[in-house]
Enquirer: 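Dropping the structure in here first, questions after.
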Amino acid sequence: MQPKVKSSATTVSFYCAVRLKLLPSILHFYDFLHTHKHSTTTPSSPFTKQAFASLLESCSSESYQLKQIHALILTTGLSIKNSLITQLLTSLTLLGDMTYARLLFDEMHKPRSFLWNTLIKEYVKNDLSIEATSVYQKMHRLGVRPDTFTYPFVLKACAQVDDLWTGQEVHAHVVKFGLHCNAIVRTELMMMYAKVGELGSADYLFETMSNRDLVAWNALIAVYVQTGNAGKALGMFHGMVLAGIKPDSVTVVSALSACADLGCLEIGKQIDQFVMKEILDSNLFVNNARLHMYVKCGNIEAARCLFDKMPQRNVISWSTMIRGYAMNGESDKSLHLFSVMQNMGVQPNQVTYLGILSACGHAGLVREGQSYFEEMVKSNDCNVQPRLEHYACMVDLLGRSGHLEEAFDFIKRMPIEPDAGVWGALLGACTIHKNIELSQNVADILFNLAPEIASYHVLLSNIYAAAGRWGDVEKVRQKMRKKGVKKVVAYSSVEASGEVHVFHGGDRSHPLSSNIYEALAELIKQITSIGYMPNTTEVLHDVQMEEKEATLSTHSEKLAVAFGLINVRPQSPIRVIKNLRICNDCHTFMKFSSKVTNREIIMRDKNRFHHFKDGYCSCKDFW
DNA sequence: ATAGGGTTAG
């Protein structure tokens, strides 16, 4: 028989150990009490449910400690309380140990809905959505009644794995259990449909929702922006204001993001004013979104002004500003800001480096780019190791500045498998430098890797066309037809009085079409008189010269600028957004136009901005 | 006990 004092000393020590998070001591004390036949299950035992709960909490950062505690729970004979196991399960999942968590779950006798919900939730959080849906299906099979807490997670899982089929099945269950009017479940249903591309179903659920609240509006607006439907998102934003719902910081972030996508500076500025009026400008998310909007609308001065005024900045703010300068061809400012950032102790991430590498690319700074790339490779931080995008950037940098062989070598020495983006960068460089042999090899690789991407076919046929090899051009076009490769339709857009006007090549659908064509004809007349000559080398078809010129003269950006001349206030620049890259002829056209009309033309193409002014472009013809 | 919306790049 042990002296009583000793075991109570042990009891005290146990609590101390728990408080100090000393698991080895705890295990030691447990061992002591256990081997001395001190009951571990009586009410006076230190091994109470509460003690375990706090023990679990203090050891929640180490998976192996949690497993030791699990063993402890089992040997104490303490009945396995759901709450204790749930806590253990949650801690394990937070550490990413879903395997052990699942083991625990499967050992339990008839777990309640709550625990099923927990397991599903944790699978989703750990990016294991397929497991999440299969757990839900098992739950359903076993007849465990799901509740309103079950569905948000299950629907998130369906959306994450792009599984419309299961999503619809789950939707049916939601209706069966009468949960479809719950605002949260319904919001998640909408999100699921929108994310898998079923916008109609999302809209329907929203339209027929009786208790449409702020979050429901925000959710739908956000998901529209995220899925590339910025125009629709802005439409919803207006609808929300009309419906008398006051936007909050979350709404504003999505709306600004939509403006950034569309290049809607006017609307963006209006939202900016709302931000100031409602004093939302202390929110970092909001300020980053404003910054992004100004950058993507080509108003780099406003962006910098805001950046300097921001009360807080994080790596996203810095990356956005750095990339903003890069996109606008101000590489020196971009690189300078990067060094300021590093001096301030802000850790750059992969996105920051992407901005830096593209800044080097736009300025032809080969050596600098290589040294930044080396910086990434040598970094101890696994979060700044170069990824495929960075390799593509480097190939672009090397190739664009004429080092084609070096770029090719660079790809061959890559430690990871190059993708179409990397090879595509090389093909693009081959086009610029008119290297037919290399481009044929690269194109072969690309046609195997990504046969469905039209732009690679187009690049190759451009190279042939430039060399006058019309037979080869025709072969590429036949191949495209045979494989059903569709070209991405080019468009340009201009914002006037808060409305976006979209133009396609040869477009006559605009209500002001005849005025636009008139203005365009006049413009061509004017620039021709000061030396403009159409450059038809990039026109694909082997047709008569006049026909080529006709195609060329109605490229979407030319129509957009002609429209801008009529409809954008004379003192402000004409801002054009293009979904593809600008062609050589349009680039020359814009330079001449900026001179004869004495107007600034700011054009955002797929990659960067061109600021045309007084007959020059900010890209210095290197793009 | 547990639930819905947000920022950079591609």
Side-chain angles (χ1 to χ4, degrees), chain A residues 53 81-84 86-87 89-90 112-122 124-125 146-156 159 179 182-192 194 206 209 211-226 228 233 236 240 245 247-258 260 280 283-293 295-296 303 307 310 312-324 326-327 348-358 387-393 419-422 424 606-607:
Chain A
K81 288 280 184 289
N82 270 9
S83 65
L84 221 49
T86 303
Q87 197 182 338
L89 214 142
T90 311
R112 313 259 305 256
S113 297
F114 169 69
L115 214 57
W116 288 93
N117 295 350
T118 307
L119 191 69
I120 294 170
K121 172 178 75 182
E122 297 302 336
V124 177
K125 272 202 210 155
D147 54 26
T148 53
F149 296 95
T150 314
Y151 286 108
F153 300 121
V154 178
L155 291 165
K156 257 201 175 82
L179 303 173
N182 176 291
I184 298 173
V185 173
R186 202 179 183 94
T187 303
E188 278 298 346
L189 268 171
M190 278 163 23
M191 298 276 286
M192 183 275 292
F206 184 71
M209 187 171 178
N211 45 348
R212 245 181 265 166
D213 57 11
L214 177 65
V215 179
W217 280 97
N218 283 350
L220 209 55
I221 294 173
V223 85
Y224 276 138
V225 180
Q226 287 159 10
M236 295 251 340
M240 172 181 178
I245 306 229
D248 70 351
S249 58
V250 178
T251 328
V252 157
V253 167
S254 297
L256 284 169
S257 185
L280 301 172
N283 180 315
L284 183 57
F285 275 68
V286 170
N287 285 339
N288 282 344
R290 293 164 75 203
L291 195 60
H292 179 220
M293 183 275 290
V295 160
K296 287 295 272 295
F307 181 80
M310 278 168 61
Q312 296 148 30
R313 294 177 204 115
N314 62 4
V315 66
I316 293 179
S317 330
W318 286 94
S319 305
T320 305
M321 197 65 230
I322 287 170
R323 187 174 152 76
M327 281 182 77
N349 63 18
Q350 281 152 329
V351 182
T352 326
Y353 275 104
L354 224 45
I356 283 300
L357 293 177
S358 80
R387 297 195 315 204
L388 283 165
E389 295 97 314
H390 301 91
Y391 283 96
C393 248
D419 68 344
V422 176
K606 200 166 180 286
N607 288 347

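The shown structure was predicted, so the numbers you read here are calculated from the model rather than taken from an experiment. In what follows, chains carry the letters A, B, and so on, assigned in the order in which the sequence lines appear, proteins first and then strands, with residues in each chain numbered from 1.
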Enquirer: Looking at every strand, decide which applies to A:Gln87 at a 4.0 Å heavy-atom threshold: base, sugar-phosphate, or nothing.
Expert: nothing

Enquirer: For the side chain of A:Lys121, counting heavy atoms from C-beta on, which of B:dG4, B:dA9, B:dT2 is nearest?
Expert: B:dT2

Enquirer: Does the B:dG6 base have a donor-acceptor partner in the side chain of A:Ser254 within less than 3.5 Å?
Expert: no

Enquirer: Quick one: which of B:dG4, B:dA1, B:dT8 gets closest to the side chain of A:Ser319?
Expert: B:dT8

Enquirer: Where the side chain of A:Pro152 is defined as all heavy atoms beyond and including C-beta, which of B:dT2, B:dA3, B:dA9 is the nearest nucleotide?
Expert: B:dA3

Enquirer: Hey, is A:Phe285 stacking on B:dG6? Ring centres under 5.5 Å, planes under 30°.
Expert: yes

Enquirer: A:Leu84 CG to B:dA1 P: how many Å, rounded?
Expert: 15 Å

Enquirer: Among the candidates B:dG10, B:dG4, B:dT8, find the nucleotide nearest to the side-chain atoms of A:Ile316.
Expert: B:dT8

Enquirer: Looking across every strand, which nucleic acid part, if any, lies under 4.0 Å from A:Asn287 by heavy atom: base, sugar-phosphate, or nothing?
Expert: nothing

Enquirer: Looking at every strand, decide which applies to A:Ala222 at a 4.0 Å heavy-atom threshold: base, sugar-phosphate, or nothing.
Expert: sugar-phosphate

Enquirer: Does a side-chain N or O of A:Lys296 approach OP1 or OP2 of B:dA9 to a distance below 4.0 Å, or not?
Expert: yes

Enquirer: If you look at every strand shown and take non-hydrogen atoms under 4.0 Å, does A:Thr320 touch a base, only sugar-phosphate, or nothing?
Expert: sugar-phosphate

Enquirer: In whole Å, I'd like the distance from the CE atom of A:Met321 to the C1' atom of B:dA9.
Expert: 16 Å

Enquirer: Please report, rounded to the nearest Å, how far the C1' atom of B:dG4 is from the CG atom of A:Leu214.
Expert: 11 Å

Enquirer: Picking from B:dA9, B:dT2, B:dG4, which would you name as closest to the side chain of A:Asp147?
Expert: B:dT2

Enquirer: Could you check if a side-chain atom of A:Arg387 sits within less than 4.5 angstrom of a side-chain atom of A:Leu354, using non-hydrogen atoms only?
Expert: no

Enquirer: Would you kindly give the CG-to-C1' distance between A:Leu357 and B:dT8, to the nearest whole Å?
Expert: 15 Å

Enquirer: Can you check whether A:Val315 reaches A:Val351 side chain to side chain, under 4.5 Å on heavy atoms?
Expert: no

Enquirer: Output the rounded distance in Å from CZ (A:Phe206) to C1' (B:dG4).
Expert: 13 Å

Enquirer: Using a heavy-atom cut-off of under 4.0 Å over every strand shown, decide if A:Lys606 touches base, sugar-phosphate, or nothing.
Expert: nothing

Enquirer: Mind checking A:Ser358 for me? I need base, sugar-phosphate or nothing, with any heavy atom below 4.0 Å counting as a touch.
Expert: nothing

Enquirer: Can you tell me which nucleotide in B:dT2, B:dT7, B:dA3 comes closest to the side chain of A:Phe153?
Expert: B:dA3

Enquirer: Rounded to the Å, how far apart are A:Asn117 CG and B:dA1 P?
Expert: 14 Å

Enquirer: So which nucleotide from B:dA9, B:dG6, B:dA3 ends up closest to the side chain of A:Val351?
Expert: B:dA9

Enquirer: Which listed nucleotide (B:dG4, B:dT8, B:dG10) is nearest to the side chain of A:Ile184?
Expert: B:dG4

Enquirer: Between A:His292 and B:dT7, does any side-chain N or O lie under 4.0 Å from OP1 or OP2?
Expert: no

Enquirer: Can you check whether any acceptor in the base of B:dG4 is under 3.5 Å from a donor in the side chain of A:Asp213, or vice versa?
Expert: yes

Enquirer: Any side-chain heavy-atom pair from A:Arg290 and A:Val252 closer than 4.5 angstrom?
Expert: no

Enquirer: Let's see if you can work this out: which of B:dG6, B:dG4, B:dA9 has an atom nearest to the side-chain heavy atoms of A:Val250?
Expert: B:dG6

Enquirer: Under 4.0 angstrom, heavy atoms only, what part of the nucleic acid is A:Ala183 near: base, sugar-phosphate, or nothing?
Expert: base

Enquirer: Quick check on B:dG10: is either OP1 or OP2 less than 4.0 Å from any side-chain nitrogen or oxygen of A:Arg323?
Expert: yes

Enquirer: Quick one: does A:Leu214's side chain get under 4.5 Å of A:Met240's, heavy atoms only?
Expert: yes

Enquirer: Could you state the CH2-C1' distance from A:Trp318 to B:dT7, rounded to the nearest angstrom?
Expert: 17 Å

Enquirer: Please check this pair: side chain of A:Ser257 against backbone of A:Val253, looking for a donor-acceptor N/O pair closer than 3.5 Å.
Expert: no

Enquirer: Tell me the interatomic distance from A:Lys125, atom NZ, to B:dT2, atom P, rounded to whole angstroms.
Expert: 12 Å

Enquirer: Which part of the nucleic acid does A:Arg186 contact within heavy-atom distance under 4.0 Å: base, sugar-phosphate only, or nothing?
Expert: nothing

Enquirer: Mind checking if A:Met191 touches a base, just sugar-phosphate, or nothing, with heavy atoms under 4.0 Å?
Expert: sugar-phosphate

Enquirer: Do you know the tightest heavy-atom contact between A:Arg313 and A:Phe307?
Expert: NE-O, 2.9 Å

Enquirer: Would the distance check show the side chain of A:His292 and the main-chain N or O of A:Thr320 forming a donor-acceptor pair, the cut-off being under 3.5 Å?
Expert: no

Enquirer: Where the side chain of A:Val253 is defined as all heavy atoms beyond and including C-beta, which of B:dT2, B:dG6, B:dG4 is the nearest nucleotide?
Expert: B:dG6

